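Note sheet for the following structure.
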Amino acid sequence: MRFNFADTPYKSPEEFKKMVLDHVRNNLEIICNENEIITIHEDGFVKLGHETNVIFKVSGIPKEIHSIFLKNTSFKNIYKSKSALGILKNGFEKNHFILNPNNNHQVRVFVEENTFVLEKEASTASLFSNIYFYVAFIALLIFLVVLLFHTNFKRNRISYST
């Protein structure tokens with residue numbers, strides 16, 4: 001809060017909590033099913049401490065959820081900051097996901113049976129599969145060049161006898 005509101009002093013714990021709520025709400029994005037933006041209401045609850053808890057009322061959650069994207073950059077300027085996303089839905093397993101600098105403080109989860117699962121890093125998977133493809137291609141190319149060179153060398157070899 002010091003980093004983002006250095007020029008905005010607060011006079012009471014209630015003013016500070018309102019600043020926290022505004023800051024988190026302005027840095028929080030939730031999208032369901034790829035295109036249904038969830039509205040985060042202004043009223044909320046803040047419990048300050050070593051582990052700060054912030055709770056908001058939200059609206060616009062669809063009855064059927066296939067995926068959830070959540071981005072929380074509220075704490076991105078804090079060294080090694082982490083935040084946890086807990087998803088509670090009737091009939092689903094309880095699960096939580098960690099947002100940190102490694103995942104740009106964002107997660108995308110999908111529904112599989114009665115649980116939310118983290119999206120596999122598609123870009124990482126395709127990068128690795130591309131790397132394997134290129135390594136195999138280069139190895140094949142080297143093999144063909146060596147075979148061609150060896151065949152031409154045998155064909156053009158001159159034998160000398162004394």
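None of these values were measured; they are calculated from a predicted model. Index from 1, following the sequence.
For the pair Val107/Leu118, a side-chain contact is recorded, criterion being any heavy-atom separation below 4.5 Å from C-beta on. The side-chain heavy atoms of Val54 and Val20, taken from C-beta on, include a pair separated by under 4.5 Å. By the 4.5 Å heavy-atom criterion applied to side chains, Asp43 and Lys57 are counted as neighbours.
The hydrophobic cluster containing Phe45, built from Ile/Leu/Val/Met/Phe/Trp/Tyr side-chain heavy atoms closer than 4.5 Å, also comprises Ile55.
Atom CD1 of Ile37 is surrounded by 12 or fewer heavy atoms from other residues, nucleotides or ligands within 6.0 Å.
Residues satisfying the side-chain contact (heavy atoms from CB on, under 4.5 Å) criterion with Thr115, sequence neighbours excluded, are Glu93, Asn95, Val117. Qualifying side-chain contact (heavy atoms from CB on, under 4.5 Å) partners for Asn102, counting only residues two or more places apart in sequence or in other chains: Asn100. Remark: Asn53 engages Lys47, Glu51 in a side-chain contact (heavy atoms from CB on, under 4.5 Å) (not counting sequence neighbours).
Side chain of Thr73 to main chain of Lys76: no donor-acceptor pair is present (N/O by atom type, distance under 3.5 Å, no hydrogens or angles). At distances below 3.5 Å, at least one donor-acceptor pair connects side-chain atoms of Asn103 with backbone N or O atoms of His105.
Within the model, atoms SG of Cys32 and CD1 of Ile61 stand 6.0 Å from one another, a figure rounded to the nearest 0.5 Å. Between atom CZ of residue Phe56 and atom NE2 of residue His41 there is a gap of 11.0 Å, rounded to the nearest 0.5 Å.
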Using distance only, find each side-chain donor-acceptor pair of residues 78-92 under 3.5 Å and give its atom names and separation, not counting sequence neighbours.
unit_1 : atom_1 : unit_2 : atom_2 : d
Ser81  : OG     : Phe75  : O      : 2.7
Ser81  : OG     : Ile78  : O      : 3.4

Give the table of side-chain donor-acceptor pairs shorter than 3.5 Å for residues 62-71, with sequence neighbours excluded, one pair per line with atom names and distance.
unit_1 : atom_1 : unit_2 : atom_2 : d
Ser67  : OG     : Asn33  : N      : 3.4
Ser67  : OG     : Glu34  : OE2    : 3.2

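Clustering ILVMFWY residues whenever any of their side-chain heavy atoms sit less than 4.5 angstrom apart, transitively, puts Leu28 in the very cluster that holds Ile38. Under a hydrophobic clustering in which Ile, Leu, Val, Met, Phe, Trp and Tyr are joined whenever their side-chain heavy atoms come within less than 4.5 Å, directly or via other members, Val46 and Val58 fall into the same cluster.
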